[in-house]
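Note sheet for the following structure.
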Amino acid sequence: MVRTRFAPSPTGYLHIGGVRTALFNWLFSRQHGGQFILRIDDTDQQRNVDEALRPILDGFRWLGIDWDEGPEVGGGHAPYYQSQRTARYQQAVETLLDKGCAYRDYASPAEITAEREAAEKEKRMFVYSRKWMAETDEQARAYEAEGRQAVVRLKMPREGVCKIQDLIRGDVEFQWQTEQDHVIQRADGTFIYHLASVVDDHDFEITHVIRAVEHLSNTPRQIFIAQSLGYPLPQYAHIPFVAEPGGQNKLSKRKLAQYLKNRDFQKLCDRGKGIAEAIQLPTSDDTFNPVIIDFYREVGFLPEAILNYILLLGWSLDDKTEEFGRAEMIKHFSLNRVNKSPASFDPKKLMAFQARYMSRCPIKQKVALVLPYLQKAGYVQDPPSCDEGPKLTKIVQAAEQRIEVAGDILDYVDFYTADDQIRFDEKAFEKRLRKPADAAPLLTRFRAQLAEVEPFDAATTDKLLHDFVAAEDIKIGVLINALRVAVTGKAVGFGMFETLEILGRESCLARIDRALAQL
RNA sequence: GGCCCCUUCGUCUAGCGGUCUAGGACUCCGCCCUUUCACGGCGGCAACACGGGUUCGAGUCCCGUAGGGGUCACCA
């Protein structure tokens, strides 16, 4: 039975890189009919774990990454919070101590620092002298009598090599002598991540540890812990990290200001903020930016698109295929096709996936996606009135591929603005209405025909206008451009006749009259 | 700095010794479609980090060099 895990620390947000690590773990377990476990690494947490966990769990749920064991679903290996598993860690520390694989160390932080600095000065590798190591209770008592406090350190091997067989990197070797006697239990009795992680992976029967490559150099000490405890080793797979846009540094939430210098990232960010502001969502950099998964959910991305894009960040099937739904991902995923080098996050390509998925989204679903944005922005009531459905469907249909993320609907709210509130774009008004001498008379005459035509739908007004243009022997652009500005206030928009139909005769005439009056 | 990892178009990648005058995708640039803006269609620009080997033959194997990155906590 394959069992994988993702172990987030409750930080209050779900990072893109974390999503990818989780995705690979999830895919691998699903593919092998195994299980995916969520474990909460809160050894270091102070307060509000639940609150800080919320966005993470919500993010996974939104993406459709489900877990077989963990918070909110329980499981046979509970508890899944490290803060609740300290008794197990204490046991493990005792065992390590008994076996002589760890020791109580009474050095003060200052003393350790002094040793390290001395080593640096002499340009030699730092290895702790173990001068304050207490191997007997008697020694321990003596140090305690001096008022010293103990931490527990690993008594790491100082010769030989640690060979890691990594499913992605192949064999990697570390000299044991370059390893430190890492602390596993702090002076205050709390435990360090490495100890907890190894114990939990064993207790949870994790078979494959798939994690980001920054953990590769932590692996020797974890192997030492596991072996000292007599645990069988899991298989390791160290995947590359996700790099920042246009760079090769690790993508980090903290470097947002720097990413904003990247134009594509900036554009994505602005687009999101525009939508967020329209629906009165707070947009602090801490909770709302493209490094965090919530951003995408809130501005109306499709989870399938995000998943597909993230999957391809470091993994590919072949030279052609790049569309993968959940089922295809599960079917085709493999660790041996994961790349070794970091892949940088490209907002443009993400958008391309999103646009593609959105364009294939059935109209009904698109309407449902878009509706909450109109409601939150105050254009449509909640619940919507009964004539709202057909109107919105028409709008979404007329929008065609223009709505890439659900929140984009807010760019097309002219249909909801009162006729006397339409703001005419100055430049467009000048260019299409004021400047062409024949615009006004043509529009006036065409208005008269619009007032009469039956039925008032796209096909009919289309024919009406074309006949009119033929009869007047004019270029179609003159009239249609003037009409568009008169009716929407803007130079660009949906197809003209769909626009007319959605607005309805009354609004069209009122808006044309208002435009003509302002000439 | 020590240790470890990585290196094909701007970006994501295919390539596991000859099929590579290096393929696909995104972006970008043209053209077409067209009432605008998108969409769409067609076409184009663009890469094997460098130097040595091995081999009849190297993007592909080996060794160096350079560059980039990760990690060196009583963080996770």
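This one's a predicted model, so the numbers in the text were calculated from it and none came from an experiment. Numbers restart at 1 for each chain; the letters A, B, ... are given by sequence-line order, proteins then strands.
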**Message:** What's L465(A) touching, base or sugar-phosphate or nothing? Going by heavy atoms closer than 4.0 Å.
**Reply:** nothing
**Request:** Describe the nucleic acid contact of G477(A) in one word from base, sugar-phosphate, nothing, applying a heavy-atom distance below 4.0 Å.
**Result:** nothing
**Request:** May I ask you to verify whether the side chain of R169(A) and the base of rC5(B) hold a donor-acceptor pair under 3.5 Å?
**Result:** no
**Asked** What about F60(A) and F6(A), are their ring centers closer than 6.0 Å?
**Response** yes
**Request:** Taking R484(A) for its side chain and F494(A) for its backbone only, find out whether a donor-acceptor pair lies under 3.5 Å.
**Result:** yes
**Request:** Classify the nucleic acid contact of H194(A) as base, sugar-phosphate or nothing, counting any heavy atom under 4.0 Å across all strands shown.
**Result:** base
**Request:** May I ask you to test the L38(A)-Y80(A) pair for a side-chain heavy-atom distance under 4.5 Å?
**Result:** no
**Prompt:** Counting any heavy atom closer than 4.0 Å, what does R337(A) reach on the DNA or RNA strands: base, sugar-phosphate only, or nothing?
**Reply:** sugar-phosphate
**Request:** Side chain of S9(A) only, please: which of rU11(B), rG69(B), rA76(B) is the nearest?
**Result:** rA76(B)
**Prompt:** When you measure from the side chain of D346(A), which nucleotide among rA14(B), rU11(B), rA76(B) comes out closest?
**Reply:** rU11(B)
**Complete:** By the Watson-Crick or G-U definition, both distances under 3.5 Å, rU71(B) is matched with rG2(B)
**Asked** When the P atoms of rC37(B) and rC48(B) are considered, how many whole Å apart are they?
**Response** 38 Å
**Fill in**
As its Watson-Crick or G-U partner within any shown strand, both distances under 3.5 Å, rG43(B) has rC29(B)
**Complete:** Looking only at rG2(B), rC6(B), rA76(B), the nucleotide nearest the R186(A) side chain is rA76(B)
**Request:** Take the protein atom CD of Q222(A) and the nucleotide atom C1' of rC72(B), then report the distance between them rounded to whole Å.
**Result:** 15 Å
**Request:** Among the candidates rC4(B), rA38(B), rU71(B), find the nucleotide nearest to the side-chain atoms of K250(A).
**Result:** rU71(B)
**Request:** Just compare rA76(B), rA25(B), rU35(B) and give me whichever is closest to any side-chain atom of R484(A).
**Result:** rU35(B)
**Prompt:** When the C1' atoms of rC4(B) and rC61(B) are considered, how many whole Å apart are they?
**Reply:** 23 Å
**Prompt:** F345(A) near the nucleic acid: base, sugar-phosphate alone, or nothing, with a heavy-atom cut-off under 4.0 Å?
**Reply:** nothing
**Request:** Using the C1' atom as the reference point in each nucleotide, state the distance between rU60(B) and rA38(B) in Å, no decimals.
**Result:** 43 Å
**Item:** Electrostatic pair D270(A)-R263(A), nearest N-O below 4.0 angstrom
**Value:** no
**Request:** Check if the side chain of K320(A) and the base of rA14(B) share a donor-acceptor pair of N or O atoms closer than 3.5 Å.
**Result:** no
**Prompt:** Contact class for H215(A) (heavy atom, under 4.0 Å): base, sugar-phosphate, or nothing?
**Reply:** base
**Asked** Tell me: CG of N218(A) to C1' of rA73(B), nearest whole Å?
**Response** 11 Å
**Request:** Using a heavy-atom cut-off of under 4.0 Å over every strand shown, decide if F174(A) touches base, sugar-phosphate, or nothing.
**Result:** sugar-phosphate
**Asked** Looking at rC4(B), rA76(B), rG70(B), which one has an atom nearest to any side-chain atom of V172(A)?
**Response** rC4(B)
**Residue-phosphate contact under 4.0 Å: R356(A) side-chain N/O, rA25(B) OP1/OP2** = no
**Message:** Tell me whether the rings of H332(A) and F324(A) are parallel (<30°), tilted (30 to 60°) or perpendicular (>60°).
**Reply:** perpendicular
**Request:** Take atom C1' in rG10(B) and the same atom in rC3(B), then report the distance between them in whole Å.
**Result:** 33 Å
**Message:** Output the rounded distance in Å from OH (Y259(A)) to P (rU11(B)).
**Reply:** 16 Å
**Prompt:** At under 4.0 Å between heavy atoms, what does F494(A) touch on the DNA or RNA strands: base, sugar-phosphate, or nothing?
**Reply:** base
**Message:** Roughly how many Å apart are rG44(B) and rG23(B), using the P atom of each and rounding to a whole number?
**Reply:** 11 Å
**Message:** If the cut-off is 4.0 Å, is T43(A) near the phosphate of rA76(B), judged by side-chain N/O to OP1 or OP2?
**Reply:** yes
**Message:** Please determine whether a side-chain nitrogen of the Lys or Arg among E144(A) and R104(A) lies less than 4.0 Å from a carboxylate oxygen of the Asp or Glu.
**Reply:** no
**Request:** Check every strand shown and say whether G246(A) touches a base, only sugar-phosphate, or nothing at a heavy-atom separation below 4.0 Å.
**Result:** nothing
**Pair partner, rU35(B) [Watson-Crick or wobble, under 3.5 Å]** = none
**Request:** Among the candidates rC5(B), rC74(B), rU13(B), find the nucleotide nearest to the side-chain atoms of V151(A).
**Result:** rC74(B)
**Prompt:** Touch check for R39(A), heavy atoms < 4.0 angstrom, all strands: base, sugar-phosphate only, or nothing?
**Reply:** nothing
